[in-house]
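One structure is given below, encoded as C-alpha cells.
Values below: every heavy atom of this structure, side chains too, minus hydrogens, waters and symmetry copies.
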Amino acid sequence: MLLIEKFYDFPFFTFDTITLLVLRKKYDNLLIGTREGHLLMYNIPPVSDDNHKLEILRHSKNFNKKRITQIDVVPEYNILIILTDNIVCIHDLNSPNFQQLYQLQKTRGATLFTLDIQRTQSLTGEKNTVVRLCVAVKRKLQLYYWKAKKFEEFNDFELTVPDIPRELSWCGETLVLGFRGLSYTILELNGKTKELFPTGKSPEPNVTKLSDTSFVLGKDSQSFVMDTKGELIQHSPIKWSDTPSAIAWDDPYLLGIVHDKLEIYTIEGCLHIQTIKDLNKARLIYRCKQGKVFVASISHIWCIRAVDVTLQIRTLLEQTQFQLALKLTSLSDISEEEKVKQIYKIQTLYAHHLFRSKRFQEAMDLFLKLGTDPYEVIMLFPDLATPSSNNSETNDPTLPKLQDHDLEKGLRALIVFLTEVRLKLLSDTKGKDKNNGKEKSLMEGEKNMTAVATEQLLKIIDTTLLKCYLQTTDALVAPLLRLNHCHLAEAEKTLLMHQKYPELIILYQTKGQHRKALELLEKHAKENDSSLKGTARTIQYLQHLGKDHMDLILKFAGWVLNEDPEQGLRIFMEDIQEVEQLPRPKVLDYLLRCHKDLVITYLEHVVHVWEDTNPLFHDVLIHQYKEKCLTCMSKNATPAEKQTVQHVRQKLQNFLEKSVHYTPETILVHFPFDQLFEERAIILGRLGRHQQAISIYISLLNDIPKATEYCHNVYTNYKNQQNADKQKQSDGADEVYVMLIQQLLQPNKEDLTIGCGPNMQRTVQPDLEMALQLLEEHASKINPLKALGVLPDSVPIGRIKHFLEVSLQENLNTRRRVQVLKGLLCAEHLQVQEQRMHYESQNVLMTEFNICPVCKKRFGNQSAFARYPNGDIVHYSCQDRKG
C-alpha cells in the first residue's frame, strides 16, 4: 500500500551542492540555498499539472559569497532569515534580489537558529502572528522577538549552555537542545534545565518538533516521543531500520531518511507504513505543508506528496487501522459537516471491529459516545433479539459466536451501555414533560410521536436488560421489573422459561395484570418446592392493590382467610395507606357473609386503632359482642367458655360506656329482655332513662354499689357538660341521687316492664337506712326540696340534720358566688362604658386641604376615610396599602 508516493518520478532539478530547501506556503514557491551562496526560487506546479514544468522565478548568484548554512521564512511579514558566514541576516522576500534589510550583529559566530511562530485570531477575526527567534552563538543562546519590522533582543536575556548545540527546537516556552556526543537537554526560558538521555552510539543528535508541547528525540535507531516536562508520552519508541540522518513530522506520519530510503511510521502504535527507495544520497528533509514533503541530496531534490486522503482512509479501513483513519479525516480539508459524518462512520466501524475482536467494554463505550441506536447494538447479540428478514445483523456470519465467559463478558458490557441509554432517555423525557406547558400547541403531534418512539425504545431496552440480567446477575431482575417498560409477552415468556416466578409476579404487578399474578400466587401457595409457598406473598400483594381493585381483593382473600385467618385478616387491617383507604362497609359486609368469626377482630381494629366514628361500625361491634355472649350463654358452657363470656361482656360494657358514636335507640331494640341487664342499664342511661336504669340495678340485680357508681358517673358527666355548655339540658341527670333514694324507699313503685319486659319485676324490701346513708354522703348533690318530698314523714329531723346543714351551706355558697359574679360584671360594664366615652370624646377635623398620605389626593365631600390609632387619616380604599 502506498500511503505516500513520489510527486515526481525523477529529480526535477540538479545542483552541484544543495545546502537547504524551504517552501514558502503563500505562493507555493521553493527556496534553495547552495554552498556557493546562491539563492534560487522555483514555482512548484500543482498536482493536477501533468507537464511537471518547473519555472525559476528568481536566481541570485551574487546573494552571498559564503555558504548558506540555514534558511527560513515568515510569509506573514515577507522576511527571509538566513544564517551565512556565522551571522543571522534578515532579507526582504519580495525584492528582486532578496535585498538584505539588516544583520543581527550580536549573532556573529552563530551556528544554529530556530523560529517560534504563533498564529492567533481575535474574537473580531483579526489575525496576529508572533515571531520569536533563538540563535545559538557558540555556548550562548540569544532570544529575539519581531516588532515594528525588526527583531528586538530580549532585555539582558542570554542563556549559557554546556556545549555548542547541534540541534535546536523551540516548543512553547521550552527550548530543546541536542549536543554532539553528549545528551539532550530541556531548557526553560527562566533558565531551569533538565538533562535527558544521551544521544547513543551515533554522536549526532536528532530533534524533531511535533507541537508546542511535544517533540521526538533520536537515540541510535530509535525515536522517543516526549513532552516539554521531559516525560515520555508513549513508552514504545519508533524503531527505524537504522539510525536516520534526518526526520520530519507530517501529521500523522513521521518520515525519516535512512541511507537511500525514506521510511514512514506513525507516532501512535509505531506502525511502519511505507518505505520509499531510490533516493540516492538523500540527507535533508523538509515538510512544507500537510501531505507535501521535500527530500534533498547533495545534487537532487525530490517532492513527496501524500496519496489522496480518501484513498488512504479506504485502505486503512480495509486494514482495520481505524485510529489512523480518524486522524487523517480530522486533518483533511473537507467541510466540517462532511468531516463529522466521516468520523462518525469510521468510529462506528471501529466500534463493530472492537466487538468482533471481543473487546466488548471498549465497543460499548464507543457506541455510547456515538449515540448509536440501541437496537443496532442489541442486534449484535442474535439471541437477545427476534430475527427478521430486514435485519442483516441477525444472520451476519462475521459476528462472533459468544459462549461461556465471552458471552457473560459481552452481556455485562451491553448492560452498562443499555443502562446509560435508559437513564438518558428517562432524563430527557422528564425534561420535556416540565417544558410541555411552555411549547406551542402546533408541536403536540410531533411531541406525541416522539413520546411513542421513546416508549418503544424503552420497551426494547428494558426487555433486553431483563434477558441480560437473567443470564448474568439474577439479583438485578427484581429492581428492574419494579419500574420497567418491558414488553409484557416477551418478558413473561422469558421469565417462565427461567422459572423466575417471584419476578414474574413483579412483572404482572407493574403491568397491571393483577388477576394473573394472584392466580399464579394461589397456584404455587401449596407447592412445597415453590418460592411462593404460603400466604405471605398473596397477603402482601392484596394489601397494596387499593380500593380500585376491591372486587379482586375480596375474590382472592377467601382462600387466604380459610388457610390462615389470623394472618389473612391483615389484608383488611394493616397500617398501610392502601389498606386504610379500602371501603370499610364493603369489607364488613364481606366478613359478615363469609367469615363471621373475624368480624369482631376487624371492627375492634377499625374502632380502636383507626378511630373510625361511623355509627355503623360501633353498632355492629356491639351487636357482635351481644351475639357472642348470648351464643355461649344459651348452652351448657364449659369453664373456658364461661371465662370467654365474662371477657366479652367486660369489653361490651366498657364499649357501651365509653363509645359516644353508637345509636342507643337502635341498639336497645335488639337487646334481650331476660339477659344482659347491666348492658341494658348502660344503654338506658345513654338514652337519659335513668329511672329505669337505676331500677334494673336495684330491683333486678340488687346491686346498690353498682347503682351508686352509676349515679356518680351520670352526675359527674352532667356537671362537666354543664360547665362546658350553660344551656345544656339535664335530662334528669341532676336528680339521679333522688331517683336512687326513691327506688330504695319505694322499690316496687316503678313498673320495670318499661325498661326490661313483662314478669321481670322482683319484690325488694325498702331500705331506709341505706337511703339515709346515701343522703348524708351525697348531700351536696341532692336537691333538698325534692329529697324531702321523697322521704317518709316518719323520719326524725335529727337523722337528716347533716343533710340539711350541707344543703343550706351549698345554697349560701351558690348565692354568694352569684353576688360576686354580679359585682364583677357590673365593674366590667362600667369600665367598658368609660372606655367608650373616652374614644367618643376624640374628634377629627377634616378640611378640603387634608391629603391622603398613601395616594397623595385630597379628601372629597363623599370620601370614606379610616383613622389609624396614631392619628393618620387615609382613604378607606387606601388603608390596606399603608406601610
Could you tell me if [Y] and [X] have a donor-acceptor pair between their side chains, going purely by distance under 3.5 Å?
{"X": "Gln646", "Y": "Arg649", "result": "no"}
{"X": "Asn614", "Y": "Asp612", "result": "no"}
{"X": "Gln833", "Y": "Arg836", "result": "yes"}

Side chain proximity check, [X] to [Y], heavy atoms < 4.5 angstrom:
{"X": "Leu591", "Y": "Leu603", "value": "no"}
{"X": "Thr510", "Y": "Leu483", "value": "no"}
{"X": "Val587", "Y": "Met550", "value": "yes"}
{"X": "Val832", "Y": "His829", "value": "no"}
{"X": "Tyr868", "Y": "Ile873", "value": "no"}
{"X": "Lys555", "Y": "Arg515", "value": "yes"}
{"X": "Val606", "Y": "Met573", "value": "no"}
{"X": "Val874", "Y": "Pro853", "value": "yes"}

Problem set entry | Ring centroid separation Tyr737 to His712 under 6.0 Å |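 They do not qualify: ring centres at least 6.0 Å apart.
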Give a yes or no on whether [X] atom [atom1] has more than 12 heavy-atom contacts from other residues, nucleotides or ligands under 6.0 Å away.
{"X": "Gln567", "atom1": "CD", "value": "yes"}
{"X": "Gln819", "atom1": "CD", "value": "yes"}
{"X": "Gln835", "atom1": "CD", "value": "no"}
{"X": "Asp597", "atom1": "CG", "value": "no"}
{"X": "His647", "atom1": "NE2", "value": "no"}
{"X": "Gln842", "atom1": "CD", "value": "yes"}

Is a side-chain donor or acceptor of [X] paired with a backbone partner of [Y] at a separation under 3.5 angstrom?
{"X": "Asn484", "Y": "Leu507", "answer": "no"}
{"X": "Lys626", "Y": "His670", "answer": "yes"}
{"X": "Asp589", "Y": "Pro585", "answer": "no"}
{"X": "Glu522", "Y": "Glu519", "answer": "no"}
{"X": "Arg686", "Y": "Glu657", "answer": "yes"}
{"X": "Ser841", "Y": "His838", "answer": "yes"}

For this session: Show your working on salt bridge (charged side-chain N to carboxylate O under 4.0 Å, His left out) between Lys511 and Glu492 and close with a plain yes or no.
Result: CA-CA 11 Å; Lys511 294 297 183 182; Glu492 181 182 24; over 6 Å; no
Problem set entry | Ion pair Arg799/Glu769, N-O distance below 4.0 Å |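 Counted as a salt bridge, because a side-chain N and a carboxylate O are separated by less than 4.0 Å.
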Exercise. Ion pair present between Asp551 and Lys586, side-chain N to carboxylate O less than 4.0 angstrom?
Worked result: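 A salt bridge links Asp551 with Lys586.
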Problem set entry | CA sep, side-chain torsions, deciding dist, call: Phe556, Leu521, side-chain contact (heavy atoms from CB on, under 4.5 Å) | CA-CA 10 Å; Phe556 286 93; Leu521 286 169; over 6 Å; no
Heavy-atom closest contact ([X] atom, [Y] atom, distance):
{"X": "Ile571", "Y": "Ala557", "value": "CD1-CB, 4.0 Å"}
{"X": "Val560", "Y": "Gly568", "value": "CG1-CA, 3.7 Å"}
{"X": "Gln692", "Y": "Leu684", "value": "OE1-CD2, 3.4 Å"}
{"X": "Glu503", "Y": "Ala478", "value": "CG-N, 4.3 Å"}
{"X": "Ala707", "Y": "Ile698", "value": "CB-CD1, 3.7 Å"}
{"X": "Glu578", "Y": "Gln543", "value": "CB-O, 3.4 Å"}

For this session: Start with the C-alpha gap between Arg689 and Leu668, add the side-chain angles, then the distance that decides, and say whether side-chain contact (heavy atoms from CB on, under 4.5 Å) holds.
Result: CA-CA 12 Å; Arg689 295 158 66 175; Leu668 185 62; 3.6 Å; yes
Problem set entry | Given Glu679, Glu604, Gln653, the one that forms side-chain hydrogen bond (donor to acceptor under 3.5 Å, both in side chains) with Tyr625 |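 Output: one option passes, namely Glu604.
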For this session: Go through Leu676 and Leu630 one step at a time and tell me if the side-chain contact (heavy atoms from CB on, under 4.5 Å) criterion holds.
Result: CA-CA 9 Å; Leu676 304 178; Leu630 293 176; 4.0 Å; yes
Which distance, rounded to the nearest 0.5 Å, do you find between the [atom1] of [X] and the [atom2] of [Y]?
{"X": "Arg482", "Y": "Gln509", "atom1": "CZ", "atom2": "CD", "value": "9.0 Å"}
{"X": "Leu476", "Y": "Leu481", "atom1": "CG", "atom2": "CG", "value": "11.0 Å"}
{"X": "Leu554", "Y": "Leu552", "atom1": "CG", "atom2": "CG", "value": "9.5 Å"}
{"X": "Asn720", "Y": "Thr716", "atom1": "CG", "atom2": "OG1", "value": "6.5 Å"}
{"X": "Lys658", "Y": "Ile682", "atom1": "NZ", "atom2": "CD1", "value": "11.5 Å"}
{"X": "Leu532", "Y": "Tyr501", "atom1": "CG", "atom2": "OH", "value": "9.5 Å"}

For this session: Go through the structure and list residues passing ring pair (Phe, Tyr, Trp, His ring centres under 6.0 Å) with Tyr697, not counting sequence neighbours.
Result: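 Counting only residues at least two positions away or on another chain, Tyr697 forms a ring pair (Phe, Tyr, Trp, His ring centres under 6.0 Å) with Tyr710.
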For this session: Indicate the ring-plane relationship of Tyr602 and Phe572, choosing parallel, tilted or perpendicular according to the 30° and 60° boundaries.
Result: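 Perpendicular, since the angle between the ring planes exceeds 60°.
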For this session: Name all residues meeting the side chain to side chain donor-acceptor pair (under 3.5 Å) criterion together with Tyr541; count only those two or more places apart in sequence or in a different chain, and write none if there are none.
Result: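 In terms of side chain to side chain donor-acceptor pair (under 3.5 Å), with neighbours along the sequence ignored, Tyr541 is linked to His514.
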Exercise. What residues form a side-chain contact (heavy atoms from CB on, under 4.5 Å) with Asp575, not counting sequence neighbours?
Worked result: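 Applying side-chain contact (heavy atoms from CB on, under 4.5 Å) to Asp575 gives Glu580, His605, Val609, Trp610.
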Exercise. Going through the checks in order, is the side-chain contact (heavy atoms from CB on, under 4.5 Å) test met by Glu627 and His623?
Worked result: CA-CA 6 Å; Glu627 289 296 318; His623 180 72; 3.4 Å; yes
